[in-house]
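Predicted model only: the values in this text are computed from it and were never measured.
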Amino acid sequence: MNKTVSILGSTGSIGTQSLDVCEKHGLKVTALAAHSSVELLEQQTRKFAPEYVCVYNEEKYGELKSRLSDTNAKVLCGMEGLCKAASLEQSDIVLNSVVGMVGLLPTLTAISAGKNIALANKETLVAGGTLVMSLAREKGVEIYPVDSEHSAIFQCLQGNKRSQLNKIILTASGGPFYGKTYDELRSVTKAQALKHPNWDMGSKITIDSATLMNKGLEFIEAKWLFDLEPEQIEIVVHRQSVIHSAVEFDDYAVMAQLGVPDMKIPIQYALLYPERLECPTGRLSLTDYGTLTFGKPDYETFKCLSAAIKAITEGGAYPCLVNSANEEAVRAFLNDEIQFIEIGEIVASVLESFEYSEIKCYDDVMAADKKARAYVREKIGR
């Protein structure tokens, strides 16, 4: 296909699968960006020959530049480099799959440059949803969701009147601890939390799936992507991850999108939209599954989920606060500084510790982010 792509977060799970899709369909890669994995970034650069390559960790800049000295790639670093990679004139679409709050400014920069976005960075909309969506409308930019759940909703809405959407049904795998009591979660180890039943993801997202924070973040994203009220979003636990989400229309007809649990399907749909071509993944056989099950989330046990929903219901800076608090708490858990159940306790406590404030500009987001992180570090004594 005659389409050019910039990929931010190219060495992560979404990024590497995106490159598989690009290779399959002949998409030109104009820029690659990663946090610090210079060895893999070098391999990707030699294979896809992008014009620009960025490493976010500035300490790795010299090493990457040396590794690529015999190529024509222009080497960038830091946030400035990420934003440059996100706003290249020759790029048709920017896939943003970086992890964390770092993804917000490159998204805003790409939109300002008039680039369509394939969005896999949850924090972009969770922390800065009002800024991102208003700027996208102003610039006439399309945001194509890469998350399997939001992609499913986006696909179900094709050919239907958006005004006739009654609600969405956001499916959740339930993570590795579905059905566990709060007391049972006290003994959860890092190895157990990093073992997801259906998906192969990075460590931060995997922990978010175990706490159900991932679904809370997706709840907030859905509100912004599809212009919904919180009460129009229902979460259903679907352990098999075959139904990726569904929509209910005003006549109570429900339309769902199904497929094997493989991220290449939503990645490809976002990159190639509106085309549907053969995807480098498996095909769904419902008879192989035999039975699909559905249940309700346990909002009492999984405090991150209820905190995220409360945050977007109250609005303002609260979604940003809970997101940043969660990032710090997950980092502490992965560093063996806190227990698994403390993640939810810390995230929930943020809502009671800060007064309402509005998000009017990027600096407001960064201020809320800074406050939440300082709060968590003080709380865990770091």
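- K215 places no side-chain N or O within 3.5 Å of a backbone atom of L305 that could act as its donor or acceptor partner.
- Shown here for I233 and A222, the closest heavy-atom pair between the two residues is CD1-CB, 4.1 Å.
- If you check the side chains of S349 and Y375, you find a donor sitting under 3.5 Å from an acceptor.
- A donor-acceptor contact under 3.5 angstrom links the side chains of S151 and Q155, judged on distance only.
- Pairs engaging residues 54-73 under the salt bridge (charged side-chain N to carboxylate O under 4.0 Å, His left out) rule: E42-R67, R46-D70, E63-R67 [sequence neighbours left out].
- Counting heavy-atom neighbours within 6.0 Å of D183 CG, excluding the residue itself, gives a total above 12.
- A donor-acceptor contact closer than 3.5 angstrom links the side chains of S6 and T30.
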E248 vs N166, side chain to side chain donor-acceptor pair (under 3.5 Å): CA-CA, chis, key distance, verdict: CA-CA 6 Å; E248 179 188 277; N166 187 38; 2.5 Å; yes
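- Distance CG/D208 to OG/S203: 9.5 Å, rounded to 0.5 Å.
- In summary, the side chains of T281 and D262 do present a donor paired with an acceptor at a separation below 3.5 Å, with no hydrogens or angles considered.
- Checked by atom type and distance alone, the side chain of S112 pairs as donor or acceptor with a backbone atom of L108 at under 3.5 Å.
- Residues forming a salt bridge (Lys or Arg N to Asp or Glu O under 4.0 Å) with K370 (at least two apart in sequence, or on another chain): none.
- Atoms CD1 and CZ, on I338 and F333 in that order, are 8.0 Å from each other to the nearest 0.5 Å.
- Of the possible donor and acceptor atoms, one in the side chain of T171 sits under 3.5 Å from a partner among the backbone N and O of I243.
- Y289 meets the ring pair (Phe, Tyr, Trp, His ring centres under 6.0 Å) test with no other residue; sequence neighbours excluded.
- Within the structure, every pair that satisfies the salt bridge (charged side-chain N to carboxylate O under 4.0 Å, His left out) test and touches residues 220-238, not counting sequence neighbours, is listed here: K167-E234.
- Looking only at distances, a side-chain donor or acceptor of T4 sits under 3.5 Å from a matching main-chain atom of Q90.
- By the 4.5 Å heavy-atom criterion applied to side chains, S306 and I309 are not counted as neighbours.
- In this structure D251 satisfies the salt bridge (Lys or Arg N to Asp or Glu O under 4.0 Å) test with no other residue, sequence neighbours excluded.
- Judged by distance alone, the side chains of S13 and Q17 do bring a donor and an acceptor atom under 3.5 Å apart.
- The closest donor-acceptor contact from the side chain of N121 to the backbone of G100 lies under 3.5 Å.
- For the pair K310 and Y299, the cation-pi test (distance below 6.0 Å, angle within 45°) is failed.
- Under a 3.5 Å cut-off, the side chain of S245 and the backbone N or O of I153 do not form any donor-acceptor pair.
- Note: F154 and Y269 have perpendicular aromatic rings, judged against thresholds of 30 and 60 degrees for the angle between ring planes.
- In this structure, the side-chain contact (heavy atoms from CB on, under 4.5 Å) partners of A311, at least two apart in sequence or on a different chain, are Y318, P319, V322, L351.
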Derivation of the side-chain contact (heavy atoms from CB on, under 4.5 Å) call for V53 and V55: CA-CA 7 Å; V53 184; V55 60; over 6 Å; no
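- With rounding to the nearest 0.5 Å, the separation of CD1 in I346 from CD in E328 is 10.0 Å.
- In this structure, CG in L40 is found 6.5 Å from OG in S37, a value given to the nearest 0.5 Å.
- In terms of modelled atom types and a separation under 3.5 Å, the side chain of S241 and the main chain of A172 share no donor-acceptor contact.
- Sparse packing is recorded around NZ of K180, with 12 or fewer heavy atoms of other residues, nucleotides or ligands lying under 6.0 Å away.
- Scanning for side-chain contact (heavy atoms from CB on, under 4.5 Å) contacts around S357 gives A317, with sequence neighbours left out.
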side-chain contact (heavy atoms from CB on, under 4.5 Å) assessment of W224 paired with V126: CA-CA 8 Å; W224 292 115; V126 171; over 6 Å; no
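- Shown here are the ring pair (Phe, Tyr, Trp, His ring centres under 6.0 Å) partners of F177, two or more places apart in sequence or in another chain: F340.
- Not counting sequence neighbours, the partners of K360 by the salt bridge (Lys or Arg N to Asp or Glu O under 4.0 Å) test are E358.
- A 6.0 Å sphere centred on OH of Y252 holds no more than 12 heavy atoms belonging to other residues, nucleotides or ligands.
- H25 contributes a side-chain N or O that, together with a main-chain N or O of E278, makes up a donor-acceptor pair within less than 3.5 Å.
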Derivation of the side-chain contact (heavy atoms from CB on, under 4.5 Å) call for L27 and V21: CA-CA 8 Å; L27 276 67; V21 171; 5.6 Å; no
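- Every residue two or more places apart in sequence or in another chain that forms a side chain to side chain donor-acceptor pair (under 3.5 Å) with T189 is listed here: Q192.
- Criterion: ILVMFWY side-chain heavy atoms under 4.5 Å apart, direct or through other members. Under it, V247 and I143 are part of a common hydrophobic cluster.
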Evaluation steps, side-chain contact (heavy atoms from CB on, under 4.5 Å), between L125 and T107: CA-CA 10 Å; L125 289 179; T107 298; over 6 Å; no
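- Using a 4.5 Å heavy-atom threshold, the side chains of C22 and I7 count as touching.
- Judged by distance alone, with hydrogens and angles left aside, the side-chain atoms of N116 form no donor-acceptor pair with the main-chain N or O of I93 at under 3.5 Å.
- At least one side-chain heavy atom of Q44 sits under 4.5 Å from a side-chain heavy atom of L41.
- A salt bridge links D369 with R373; the closest basic N to acidic carboxylate O contact falls under 4.0 Å.
- Between Q240 and T293, the side chains place a donor N or O and an acceptor N or O closer than 3.5 Å (distance only, hydrogens not considered).
- Counting only distance, with no hydrogens or angles, the side chain of E327 and the backbone of M101 share a donor-acceptor pair below 3.5 Å.
- K47 is linked by a salt bridge (Lys or Arg N to Asp or Glu O under 4.0 Å) to E23, counting only residues two or more places apart in sequence or in another chain.
- Atom NZ of K264 is surrounded by more than 12 heavy atoms from other residues, nucleotides or ligands within 6.0 Å.
- Applying the salt bridge (charged side-chain N to carboxylate O under 4.0 Å, His left out) test to every pair with at least one member in residues 109-137, sequence neighbours left out, gives these pairs: K122-D147, K122-E218, E123-K204.
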Side chain to side chain donor-acceptor pair (under 3.5 Å) between E138 and S134, intermediate numbers included: CA-CA 6 Å; E138 177 188 333; S134 61; over 6 Å; no
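- For the atom pair K28 NZ and F48 CZ, the distance stands at 10.5 Å (nearest 0.5 Å).
- Annotation: E314, atom CD; neighbour count of heavy atoms from other residues, nucleotides and ligands within 6.0 Å is above 12.
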